[in-house]
Amino acid sequence: MLIMAMLVIAGGMWYTLGKTDVKPYEYAVASKGNVVQEVSVTGRVVPAEEVALAFEQGGRIQGVSVSVGDKVERGDVLLSLSADDTRAQLAQAQATVAAEEAKLAELKNGARREELSIYEAKVASAETALYEAQKGVADNVRDAYTKSDDAIHNKADQLFNDPRTRNAKLDVFVNDDQLRIDVEKQRVIIEGFLDEWRTSSDRLLPSSDLESSVSDAKTKLTTIRTFLDDMAYITTILTPSTDLSATTITGWKTDITTGRTSVNTAVSLVSAAEEKWRAALSALDVAEADLAYKRSGSPEEQIAAQKARVDQMKANVSMYLAEL
C-alpha cells in the first residue's frame, strides 16, 4: 500500500512537472446578493374576467372618458359617440312640430279677417273677368251678324235677282241644276234668319242668355259659310261672254273671297269669346267655393287629421331624444 501511494504521488508530480500549459485559478470573494433570471417569451395575456361592450347603434366616437387600467363602476361613461347629426335631426323635428301645431291652431280658429279679404278680392276679380268675358261674347255675336250681313247683301247678292225675297234667283248661268237649286234655297233661308238675327243681336247684353245666343250664332254662321263656299265655286266656273265680262267675274271672285274670310274670322272670334266666357265662369265658381270654405271654417275631419300629424311629429322628437 505504501509503495502504491508513493507511485501515485510520483506519477502526479511527473504529470505536473511535465505539463507546460497550466491556467491560473480565478478567485472571487463571496458576498450576499439576489440572483436574477430574465426570460423573453411571446404570448397572449388572458384577463381573469372579460366584459364585451358595444353601442346600440354605430357612429363616430367623440370622446374616451377612461384610460387603460382605470377602475370603473357600473354606470360610468367609458366612450361617447358624436351626436351632432342626431341633434340636427332633433332640431328639425322640433321645428316641424311647431309648424304643424301652428297649422292645427289655424284650422281650429278658422280664417282670419285679412285672409277672408284676400278671398273676397279674388271673387270680385273673377266677377269682373266674367263680366268682361260676357261682354266679349255679346260684342262678337253682334260683330258676327254684321260680317254675315255684309257678306250676303253686299257681296253674294251681286249674283242674284230679288235676293231678299222668297223668289231669289241666281242671275248667272250655271250648268248644274242641283247647285243652282241649292244656292237659291239657301239664299231664301239666310234672308229669313238675317232679319231675326239683327233684332236679337241689337238686344244682346252681357246679362242676356249667352248660351242660346252663341249656339244660335254658330248655327247661322255654319249655314252662311256653306252658302258662300258654293258661291265661291260658282265664280270659278263662270266664263266671260257678251253679257258678262272677265272683269266683272274677277270682281265677284274677290268680293266672295272677302266675304268668306270675314265670316270665317267671325266664327273664330265667337268660339274664342265663348271659351273665355266659360273659363271665367269656372274661375268664379272656384273663387266663390274657396271663399265659402274659408268662411265656414275647417271640418272636424281635417282638424283630427292635422292633430294626428302633430302627434306623429312629436313622436319623432321623442325618438331623437331617446337616441341622444
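As the structure is a computational prediction, the values presented were derived from the model and not from experiment.
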Novice: How close do V188 and A168 get, counting heavy atoms only, and between which atoms?
Specialist: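 In terms of heavy atoms, the two residues are closest at CG2-CB, 4.2 Å.
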Novice: Take T248 and S245, measure what side-chain hydrogen bond (donor to acceptor under 3.5 Å, both in side chains) needs, and give me the verdict at the end.
Specialist: CA-CA 5 Å; T248 300; S245 67; 2.8 Å; yes
Novice: If we count only N and O atoms by modelled type, under 3.5 Å, do the side chains of D182 and Q186 hold a donor and an acceptor together?
Specialist: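 No, because no side-chain N or O of D182 sits under 3.5 Å from a partner of the opposite role on Q186.
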Novice: Could D150 and K147 be called an ion pair, given the rule that one side-chain N must be under 4.0 Å from one carboxylate O?
Specialist: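 Salt bridge: no.
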Novice: Could you tell me whether K135 and D139 make a salt bridge, using a distance below 4.0 angstrom between a side-chain N and a carboxylate O?
Specialist: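 Salt bridge present between K135 and D139.
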Novice: Show the numbers, then the answer: is there a side-chain contact (heavy atoms from CB on, under 4.5 Å) between V172 and V174?
Specialist: CA-CA 6 Å; V172 294; V174 177; 4.2 Å; yes
Novice: For N264 and T261, run side-chain hydrogen bond (donor to acceptor under 3.5 Å, both in side chains): C-alpha distance rounded to whole Å, both residues' side-chain angles, the deciding distance at 0.1 Å, then the answer.
Specialist: CA-CA 5 Å; N264 287 333; T261 301; 5.7 Å; no
Novice: Give the C-alpha distance, both sets of side-chain angles, the deciding distance and a yes or no for side-chain contact (heavy atoms from CB on, under 4.5 Å) between I224 and I152.
Specialist: CA-CA 8 Å; I224 292 172; I152 298 301; 4.0 Å; yes
Novice: Is a donor on one side and an acceptor on the other found under 3.5 Å between the side chain of S125 and the backbone of K122?
Specialist: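 Checking the backbone N and O of K122 against the side chain of S125, no donor-acceptor pair under 3.5 Å is found.
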Novice: Closer than 4.0 angstrom, basic N to acidic O: yes or no for R260 and D229?
Specialist: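 Between D229 and R260 there is a salt bridge, with a charged N closer than 4.0 Å to a carboxylate O.
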Novice: Got a sec, which residues hit salt bridge (Lys or Arg N to Asp or Glu O under 4.0 Å) with E191, two or more places apart in sequence or on another chain?
Specialist: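 Per chain and number, E191 pairs via salt bridge (Lys or Arg N to Asp or Glu O under 4.0 Å) with R187.
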Novice: Where the side chain of S67 meets the backbone of D70, is there a donor-acceptor pair that is under 3.5 Å apart?
Specialist: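 No, because the side chain of S67 does not come within donor-acceptor range (under 3.5 Å) of the backbone of D70.
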Novice: Take N161 and D171 through the test side-chain hydrogen bond (donor to acceptor under 3.5 Å, both in side chains) and record every step on the way to the result.
Specialist: CA-CA 6 Å; N161 282 325; D171 194 30; 2.8 Å; yes
Novice: Tell me every residue that passes side chain to side chain donor-acceptor pair (under 3.5 Å) with R180, counting only those two or more places apart in sequence or in another chain.
Specialist: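 By the side chain to side chain donor-acceptor pair (under 3.5 Å) rule, R180 matches no residue at all.
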Novice: Any idea which heavy atoms bring T235 and A232 closest together, and the distance?
Specialist: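 So the minimum-distance heavy-atom pair works out to OG1-O, 2.6 Å.
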Novice: For E120, what residues pass the side chain to side chain donor-acceptor pair (under 3.5 Å) criterion, not counting sequence neighbours?
Specialist: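 R113, R295.
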Novice: Using a 4.5 Å cut-off on heavy atoms from C-beta on, say whether the side chain of L81 contacts that of R60.
Specialist: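 No. Closest side-chain heavy atoms not under 4.5 Å.
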Novice: Is it true that E100 and K314 have a side-chain N and a carboxylate O under 4.0 angstrom from each other?
Specialist: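 Looking at K314 together with E100, the answer is no, because their closest N to O distance does not fall below 4.0 Å.
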Novice: Of all heavy-atom pairs between V137 and A273, which one has the smallest distance, and what is that distance?
Specialist: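 It is CG2-O, 3.4 Å.
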Novice: Locate the shortest heavy-atom distance separating I256 from A156; write the atom from each residue and the value.
Specialist: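 Looking at all heavy atoms of both residues, the closest pair is CD1-CA, 3.7 Å.
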Novice: For L170 and I234, what are the C-alpha separation, side-chain angles and deciding distance, and is it a side-chain contact (heavy atoms from CB on, under 4.5 Å)?
Specialist: CA-CA 10 Å; L170 198 60; I234 288 174; 3.9 Å; yes
Novice: Would you name the heavy atoms of F160 and V183 that are closest together and state the gap between them?
Specialist: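 Between these two residues, the closest heavy atoms are CZ-O, 4.1 Å.
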